[in-house]
Amino acid sequence: IDLKYVWCGGDGWAFLQNVVECCTSEWLGYTFGKRCGSAEATALLDRVVQDRFPETCLAPGTRLRADNGPAYKADRFRERARALGFAVEHIQKETPEDNGVVESFHAGLARDYLNALVFDSFAEAEAYLAWAFEDYNGVKPMKRLGWRTPREYYEEVRASVN
């Protein structure tokens, strides 16, 4: 989990918090808003767990790596993450390379999606991000996944495990 700043023209900066799956490269979920506190981060975790583990709404044994931002260090966030079954890992201070998967995702998100447009408003950026989320997961094949989309790769991995 990590956040990225997005310029929204006349509406100023907004915060895009993302959860990315290391194995399948899926963009599991995001929250986009004018706030980026622990409330938004915990709501994002709740949605991701409900989507990924709908039977139990728990993610036992799943590692969640985060930086040392105040939203992710807050007691509220850490307690909720543990209650959902996550083993929370915080990277060392000032070492974004320790969270390389999400940092690489953010670089690709900027290159392939966000830097392609100049948003005039928060609403415009929000609508574009909803489209980008679907495009990234279900349309855009990736070389590192054998030219499959993240969603296709996840389904293949899931079938091989079950």
Side-chain angles (χ1 to χ4, degrees), residues 1-6 14-74 76-91 96-114 125-162:
I1 189 169
D2 198 9
L3 77 90
K4 179 163 188 59
Y5 299 95
V6 178
F15 306 99
L16 176 63
Q17 292 189 70
N18 299 294
V19 176
V20 179
E21 212 279 344
C22 292
C23 173
T24 65
S25 299
E26 285 175 283
W27 184 4
L28 294 178
Y30 70 94
T31 184
F32 184 61
K34 298 300 268 178
R35 298 179 44 90
C36 64
S38 62
E40 292 77 19
T42 56
L44 173 56
L45 287 186
D46 283 336
R47 280 197 316 277
V48 165
V49 170
Q50 289 168 7
D51 288 347
R52 184 59 113 199
F53 306 102
E55 304 83 26
T56 63
C57 292
L58 295 172
T62 303
R63 278 193 267 164
L64 179 68
R65 183 167 282 191
D67 66 15
N68 292 286
Y72 309 132
K73 292 293 276 187
R76 175 184 187 169
F77 176 81
R78 292 188 299 174
E79 288 167 9
R80 184 63 186 149
R82 280 193 296 270
L84 291 169
F86 287 107
V88 180
E89 298 176 351
H90 288 93
I91 65 172
E97 61 273 10
D98 285 354
N99 209 1
V101 171
V102 76
E103 295 294 343
S104 176
F105 167 78
H106 280 161
L109 188 65
R111 180 192 63 241
D112 297 340
Y113 296 98
L114 297 175
E126 186 175 41
Y128 183 77
L129 284 166
W131 170 83
F133 181 79
E134 291 304 319
D135 186 72
Y136 176 91
N137 283 316
V139 176
K140 183 182 172 198
M142 298 182 186
K143 183 178 180 180
R144 71 179 170 273
L145 302 177
W147 296 110
R148 290 169 291 220
T149 68
R151 196 167 289 138
E152 289 170 335
Y153 190 73
Y154 168 70
E155 291 301 329
E156 187 176 304
V157 168
R158 186 173 166 211
S160 70
V161 171
N162 294 329

Output yes when R82 and E79 qualify as a salt bridge under the 4.0 Å nitrogen-oxygen rule, no when they do not. no
Which distance, rounded to the nearest 0.5 Å, do you find between the [atom1] of [X] and the [atom2] of [Y]?
X	Y	atom1	atom2	value
S25	R144	OG	CZ	3.5 Å
R52	R158	CZ	CZ	8.5 Å
R148	T24	CZ	OG1	11.5 Å
L16	D2	CG	CG	10.0 Å
L58	L84	CG	CG	6.5 Å
D67	E89	CG	CD	13.0 Å

Please list, chain by chain and in numerical order, all residues satisfying side-chain contact (heavy atoms from CB on, under 4.5 Å) with T31, sequence neighbours excluded. Q17, E40, L44, R47
Can you tell if the side chain of [X] reaches within under 4.5 Å of the side chain of [Y], non-hydrogen atoms only?
X	Y	answer
L45	L64	yes
E21	F105	no
R65	V101	no
D51	L28	no

Looking only at heavy atoms, which two atoms of [X] and [Y] are closest? And how far apart?
X	Y	result
V88	A81	CG2-CB, 3.4 Å
T42	F77	CG2-CA, 3.5 Å
V6	A125	CG1-CB, 4.4 Å
A71	G37	CB-C, 3.5 Å
I1	A66	CG2-CB, 3.6 Å

Test applied, side chain to side chain contact (heavy atoms under 4.5 Å, CB included); reference residue, W27; option that passes from L109, V19, V102: L109
Give a yes or no on whether the backbone of [Y] and the side-chain of [X] come within a donor-acceptor separation of less than 3.5 Å.
X	Y	result
H90	Y72	yes
R151	E26	no
N68	I91	yes

Applying side-chain contact (heavy atoms from CB on, under 4.5 Å) to Y136 and D112, what does each step give before you reach the verdict? CA-CA 9 Å; Y136 176 91; D112 297 340; over 6 Å; no
Applying ring-ring contact (aromatic ring centres under 6.0 Å, His included), can you list everything that pairs with [X], at least two apart in sequence or on another chain?
X	value
Y113	W131
Y154	none
F15	Y5

Plane angle bin for Y30 and F133 - parallel if under 30°, tilted between 30 and 60°, otherwise perpendicular: tilted
What pairs with E152 under salt bridge (charged side-chain N to carboxylate O under 4.0 Å, His left out), at least two apart in sequence or on another chain? none
Listing request: all ring pair (Phe, Tyr, Trp, His ring centres under 6.0 Å) pairs with a residue in residues 34-71, at least two apart in sequence or in separate chains. none
What verdict does the side-chain contact (heavy atoms from CB on, under 4.5 Å) test give for T56 and V49, after you've listed the backbone C-alpha separation in whole Å, the side-chain angles of each residue and the deciding distance to 0.1 Å? CA-CA 9 Å; T56 63; V49 170; over 6 Å; no
